[in-house]
Structures are given as C-alpha cells and as structure tokens.
Amino acid sequence: MLWSRLHIPTLRDTPAEAEVASHQLLLRAGYIRQLSAGIYSYLFLAQRSLARIQSIVRQEMHAIGAQEMYLPALNPAEVWQESGRWDIMGENLFRLKDRFGRDFCLAMTHEEVMTTIARGELRSYKQLPQIWYQIQTKFRDEARPKSGLLRVRQFIMKDSYSFDMDRAGLDAAYQKHYQAYCRIFDRCGLDYLVVEAHSGAMGGSQSHEFMVASEAGEDFVAVCQGCGHAANLEKAMAEAAPPAVPDPPGDLAPEPFHTPGRKTIAEIAEFTGLPESSQMKSLVLVADGKPVLVMLRGDHQLNEAKFGAVSGDPEFRPARPDEIVEWFGAAAGSLGPVGVTSMPILADGALAGRRNMIAGANRDDYHLRHVTLGEDFQAELHDLRQVAAGDRCSGCGAPIEIRKTVEIGHIFKLGYKYSESMGLRVLNQEGREITPIMGSYGIGIERILTAAIELSHDQDGMALPSAIAPFDVVITPANISDPAQREAAERIYRECLSEGLDALLDDRDERPGVKFKDADLIGVPWRLVIGKKLASGMVELVDRKTRRTRDVAEREAAREVRTQKDLSPSRKVTPGRI
RNA sequence: CGGGGCGUGGCUCAGCCUGGCUAGAGCGCCUGGUUCGGGACCAGGAGGUCGGUGGUUCGAAUCCACUCGCCCCGACCA
C-alpha cells in the first residue's frame, strides 16, 4: 500500500491523557482514538494488527477442531436470570430495556447463550464432544476503565466453550485449549507465563491464566525462580521465609506488658525491638454473619480468596470497630487470641511450630509476650496468607518472585454450573439422561497487541513482532523526488508483494527524518531504505527491534526480508503438559 | 462510590491567583519558494469564544454556583 494514500495520523507529542507506554504509543502511532472512557475506535493500523491476531487465533482454534460461530451481543434478561448471573453480575453488566420495557443486557461473556444453543440442539452422546467458539465484542461496565486498551468497557474476545460427556472429556478439551493457547501466544511473539488461577465463585475445578509480565498490569503472580512453577497470587502457596529472629525457647507463660499508644504491628516492632515476624496479627472478620478471628504472622497479609474459600463466604467483611469492642472488650490494635472462646479461631500455617510470640492482650494498650499456638490458645490451621517475595517454593525450595502481569488468556473447567442450571441434558449410551460437563476459554484480542507493545517498545515507538505488526516491511526512498530512488523503491515494493509480504511504500514527499521517525513509531519490523548507495546497487535493511542495519543488493532485498520473516519468532517450544 | 488532578484551535501548553483593548506560543494544517539520510528553513495564510448552564460585574477564559466530561489513586473486577 502507498503511505501517501493512507490515513495514519501519527502525533509528535504524547497526548496528555496517556500514562502507560502502550496507550501513549497506540495514540501517537495513529492506531486508536478514544471515543469515551474505556471506549476506543480502532483505526487502520490497529484494525490490521488485530485482524492478524484474529487470524492466528482462528487457525489454532480450527487446529483443535473448534467450530466458529457468531452469537448476539444483545441478550434478553431471561437467559441470564436462568443461570443466576443477572443478579450476580451487578453493575458490571450493561443493562437496557427495549421499547416494550423488556430487560436486555450487552453480554460480557457467553456461557448463557452457548448453553441455550446446546440445550436446544444436543440430544445424544453421539453429538459430543463439541467445542464452539466465536470472536466477538464484549461489554463490561468497568468501574474504572484505565490504561488505554488494557482495561476497557468494550473489547474483542475469543471465547470458546466445550461440552463433554464426562470429566475425562473435559480434561481433553482443556488440554487442547492449553496447547492451542501456547501456540497462539508463541506465534504472536509474546513472552508469557502460564499460571494456576483461582477458580473463583464459579466453583470450577481447574483454571489457568496466560500472563505477560508488565508494570502496566494489574494481576500479581508468584513465580518460582527454580522450577518456574507459577500461580496467581490469589491462589499461590509457598513455604514462608523463616522468622527474622528465632523464637525464645522454653515453655513460657503469656505475660502482659504495657504498650501505650502502640496499635500497629510496625509500632509494636519498634517498641519491643523484635521484628514483625515475631508477632501475631489478629484480624476479626464476619463471614456468613458470624465473627471469626484470623491469626497471621505479623509480617504476613491475609489472602482474601483463601479465607473466602475456607469460610465458605466469599462476601465476608471486616468487623466494625463497635463490634470489635463489644466482642473483645478492646479496640483493634490490642486484639489477640488468648482467652477468646466466643468465636472460632483460624490460624495460618506459618504459625504452626512457633513459640512465645507477641500478640494483643484484648485490653487496650496491652500486649502479651510468650504466646504459643496450641498451648495458650487453640485454632484451626489453614493456608490463609498471601505468598510474598522471598518465600520458598513448596515444590523445589527455590525463592519465589512476585511479578506484575497482564492477563491475556484464561482457561476454565466450568463443571456443571451452566448445563445444570439451564437444563442441558443428553442421553448416554444406556439411554439415561446425563448433564454434559462444560469448559470455557477466553483470549483478549486487544490485550495481545497491548502486551506486545508493553514488552517491546523504545523511545521512538513500538517494535512489534512480525506476526502481529500491521505491515511486514516499509520501503523508504530517502528522496522521493529522485527518479532513480523512486523507481527502485517501486520495484522493490512489487517484489515484496510477490514474496507474499505485507509491504508499505512510503512514497510521501517528506524529508527522510520524518519518514524514519514515523516508521519507527508504528512498529513495522523491517525497513528497506533506498538512498545514495543505490548507485552501487545496494539498499539498507534495518531491523526495527535490534536497530541492526546492513546493506543488501537491491535485487536481493525483498527475498532477504522474506527470509528474515521466516526465521523470526514462533519463538520457543511450548510446554507439553499442564 | 471516596480522594486528587485537568478541560483554552488537530496535538502540547501559556494566560486565570491580582477581571479590562482584536485570546497567545510551539508543533501540525494550507499556499509559494529554498531544501532532502533521523521530526528542515523563509514568506504568507486558515483555524479556537476558552467543556456546558446560570450568576456577580460597566466588563468574565479569569470570580461564584451548579453541571458534564476526561485522567490518576483507592474501592470494584465471571
């Protein structure tokens, strides 16, 4: 295509509203324009790049036998009421009414509609298994859209759904998706992690997320630096690092001491000269309407997802100050487990085996020293704490690292939630009705582009992986008004096209600097510069990412780009199992 | 929803506190010319009524009230 005829509105200045790199560059490079908070128009370059991503996704989905469909984004309330999610989704679901006052919503995912199709069509075990998918626009009324395309209210998702007769079938469908996702992200040139994910309120049995490390991300992942095992922080388990100071030995009795005005763990640490890891942290939570005392090591944080699972109430809340005083006779800041009988006590595993620690005395401005779990109070032991950097991998013992990441894909064993609630039944071989088991699997299309930019950019712009760049190569005659350069550029351009490359000829009457800056900005992986060396039959091939430049013969130029493209990414060998 | 910031030509911003003549700059855009290997130079030109509404005042981009929108932090996030 000829650049002079295209609308590629690059900007010299970074728009003030953009903070993260991918957002700034998508705007500057003329990929996107904002329409409203979390709502973006995708201009020519973005559309090309997203189309390439979708094409890769389609190829790999077809490779596992998935069938593409296209479902309505506009859904009647009924199907969401049947699954129970009309109420559960709350404010995040865009809702509207039709002219007769009937309730509708804009779908944020499609378990309901897919299950509706399945229950209308599937009758026999002979029709299973099925994998159905679509690439379609989703709507979510995010409380706070942010960071350009990273968190938006309207976005494109590849979502697939599997229907199987039994768990073994679901396992196979899940496995297929796992491998297909690895191939997709490999082909897109991304460096990513596959992490164990929290099953959430969906009650599924297994879930993995595909994550790209980035400071712009919002999810935290615990990664073992030894064996590479990774899990979302919501789910991660590890051995706590040992306490900074060993416990006092012996069978000592709890002993109150005065701690005037010291309420926080940090204040007590400073006051006693003992580290936070020598203290117990007491949290009072209300789950299912009943109070629970949770004990953690002083330097540890509660993992809310874990407590939600243990308590059976993911909607638990912290106790109010007045409740705490009523139940403990002291305010938060002086609470402890000794003598508490009015509520269950849950203790995190990191307290097991510890002796003679410091805890609140349930009397304002007093703490106890020499408190030992199992002797001075009894508690139910659970894994309740958030894994922290420096913990040890429970598999191999190596240190754990915490990384900030962007989620690009998520696979999920749903189980029977939708097939059960929406009445999907088929006859098995014995002629008995059974409920098929389902899985659901998502990929955020724009997030692949965004993550790629976050991973690979510099001061001058994006350096996109060739598989997802809007063009493979840009041909830049340094001076378009030089007939020799112009003709050579056009010749090379045609040769690139016949090599099957997506080529862009920068035929604009601009100074070379302008063209170089624009080419760098929009992230085309290779650039062929036709300049003065043309006299000796040479042109320059520039690699956008490495900035490496070398001279190639004019006649070889197109073929050389083709060779480079064939050599590039499809990066690593993917892990073969889960 | 709580906290903070910001709305002035396409982009980046100045002016506002201490109201006052035709609202400024750089970039971009248009015309002509000179240029042509990392966002050129000269000359000429187009383009904004200062987010909106109401008020105070002889007079409002500037002060006051309300309101809309955008960004950031937090809450939230199958």
Side-chain angles (χ1 to χ4, degrees), chain A residues 7 9-20 23-24 27-28 30 33-40 80 83-93 105 107-112 138-148 150-153 155 157 159 161 197-204 207 209 216-219 232 234 304-305 314-315 317-318 407 410-412 414-415 417-418 438 440-442 444 459-461 476-482 485-486 506 508-521 527-534 539-540 542 547 549 551:
Chain A
H7 185 60
T10 57
L11 302 173
R12 296 198 181 202
D13 297 312
T14 300
E17 73 263 22
E19 284 206 351
V20 307
H23 188 197
Q24 294 180 344
L27 288 167
R28 273 198 64 205
R33 289 293 182 258
Q34 183 176 40
L35 183 62
S36 179
I39 305 178
Y40 288 86
W80 289 77
S83 72
R85 292 209 291 184
W86 182 259
D87 296 319
I88 290 171
M89 288 306 188
E91 302 270 87
N92 262 25
L93 186 63
C105 64
M108 50 200 293
T109 171
H110 277 80
E111 281 81 5
E112 281 80 1
K138 305 288 189 232
F139 299 87
R140 295 185 189 181
D141 195 359
E142 290 287 346
R144 186 150 92 81
K146 55 182 282 203
S147 309
L150 273 179
R151 189 172 197 73
V152 290
R153 297 195 289 174
F155 60 97
M157 183 185 226
D159 49 322
Y161 305 86
H198 185 60
S199 310
M202 304 295 293
S207 172
E209 288 169 324
E218 300 181 278
D219 285 299
N232 193 302
E234 288 180 336
E304 298 186 4
E315 306 280 293
R317 64 171 175 89
E407 179 186 350
H410 197 163
I411 58 178
F412 215 100
L414 284 177
K417 179 179 165 72
Y418 298 92
M438 293 173 58
S440 85
Y441 317 86
Q459 277 300 313
D460 293 317
T476 309
N479 184 350
I480 196 73
S481 54
D482 175 341
Q485 286 189 18
R486 173 168 203 125
D506 194 349
R508 295 176 297 169
D509 184 14
E510 291 286 355
R511 293 167 62 83
V514 173
K515 299 201 241 191
F516 295 154
K517 289 287 187 191
D518 273 344
D520 286 349
L521 184 57
R527 186 172 81 220
L528 285 168
V529 185
I530 289 85
K532 295 196 174 105
K533 293 173 196 154
L534 183 65
V539 298
E540 244 173 50
V542 185
R547 303 280 195 174
T549 297
D551 295 336

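What you see is a predicted model; the values in this text were computed from it and never measured. Order of the sequence lines sets the chain letters (A, B, ...), proteins ahead of strands, with each chain counted from 1.
Pairing for B:rG39 is absent, with no Watson-Crick or G-U wobble pair whose two atom distances lie under 3.5 Å. When Watson-Crick and G-U wobble pairs are counted only if both distances are under 3.5 Å, B:rG7 pairs with B:rC68. Figure legend. B:rC50 is base-paired to no nucleotide; pairs are counted as Watson-Crick or G-U wobble with both atom distances under 3.5 Å. Remark: B:rC29 base-pairs with B:rG45. Criterion, Watson-Crick or G-U wobble with two distances under 3.5 Å. Look at B:rG2: its Watson-Crick or wobble partner, with both distances under 3.5 angstrom, is B:rC73. The partner of B:rA78, taking Watson-Crick or G-U wobble pairs whose two distances both stay under 3.5 Å, does not exist in any strand shown.
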Derivation of the side-chain hydrogen bond (donor to acceptor under 3.5 Å, both in side chains) call for A:H110 and A:K138: CA-CA 9 Å; A:H110 277 80; A:K138 305 288 189 232; 2.8 Å; yes

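With RNA chain B read from its 5' end, the first of the two nearest nucleotides for A:E19 and A:M89 is the one closest to A:E19.
Across the P atoms, B:rC30 and B:rG10 are found 15 Å apart, a figure rounded to whole Å. Atom P of B:rU57 sits at a distance of 48 Å from the matching atom of B:rA43, rounded to the whole Å. If you take atom P in B:rA46 and the same atom in B:rA25, they sit 13 Å apart, rounded to whole Å.
The residue A:Q34 sits close only to the backbone: its heavy atoms come under 4.0 Å of sugar-phosphate atoms, none of a base. Note on A:D482: nothing from the nucleic acid sits closer than 4.0 angstrom, heavy atoms only. Contact annotation for A:P477: no contact, since no heavy-atom pair falls under 4.0 Å across all strands. Contact annotation for A:R527: base contact, defined as any heavy-atom pair under 4.0 Å involving a base atom. Within 4.0 Å of A:R33, counting heavy atoms only, lies no atom of the nucleic acid at all. Residue A:T549 is out of contact with every strand shown, counting any heavy-atom pair closer than 4.0 Å. Using a 4.0 Å heavy-atom distance criterion, A:E142 is classed as making no nucleic acid contact. Across all strands, A:K146 comes closer than 4.0 Å only to sugar-phosphate atoms, never to a base (heavy-atom distances). Among the protein residues, A:A37 comes within range of the sugar-phosphate backbone only, with heavy atoms under 4.0 Å from sugar or phosphate atoms but none that close to a base. Across all strands shown, A:S36 has heavy atoms under 4.0 Å from sugar-phosphate atoms exclusively, and none from any base. Using a 4.0 Å heavy-atom criterion, one finds that A:T476 contacts no nucleic acid atom at all.
Distance from the side chain of A:D13 is smallest to B:rC11 among B:rG39, B:rC11, B:rA78. Residue A:D520 places its side chain closer to B:rG38 than to any other of B:rC76, B:rG38, B:rG39. When distances are taken from the side chain of A:P15 to each of B:rC11, B:rG37, B:rA78, the shortest belongs to B:rC11. Of the listed nucleotides (B:rA78, B:rU12, B:rG39), B:rU12 has the atom at the smallest distance from the side chain of A:A16. Proximity note for A:R12 (side chain, C-beta onward) versus B:rG39, B:rG37, B:rA78: the nearest is B:rG39.
For A:K515 (side chain) and A:R508 (main-chain N/O), a donor-acceptor pair under 3.5 Å exists by modelled atom type. Judged purely by atom type and a 3.5 angstrom limit, A:R140 has no side-chain atom pairing as donor or acceptor with the backbone of A:N92. The backbone N or O of A:E209 sits nowhere less than 3.5 Å from a side-chain atom of A:E407 that would complete a donor-acceptor pair.
Between A:E17 and A:L27 there is a side-chain heavy-atom pair separated by less than 4.5 Å.
For the atom pair CG (A:D219) and NE2 (A:H198), the distance works out to 12.5 Å, reported to the nearest 0.5 Å.
If you check distances only, the side chain of A:R28 does reach the base of B:rG39 with a donor-acceptor pair under 3.5 Å.
Whole-Å rounding puts the A:Q24 CD to B:rC70 P distance at 20 Å.
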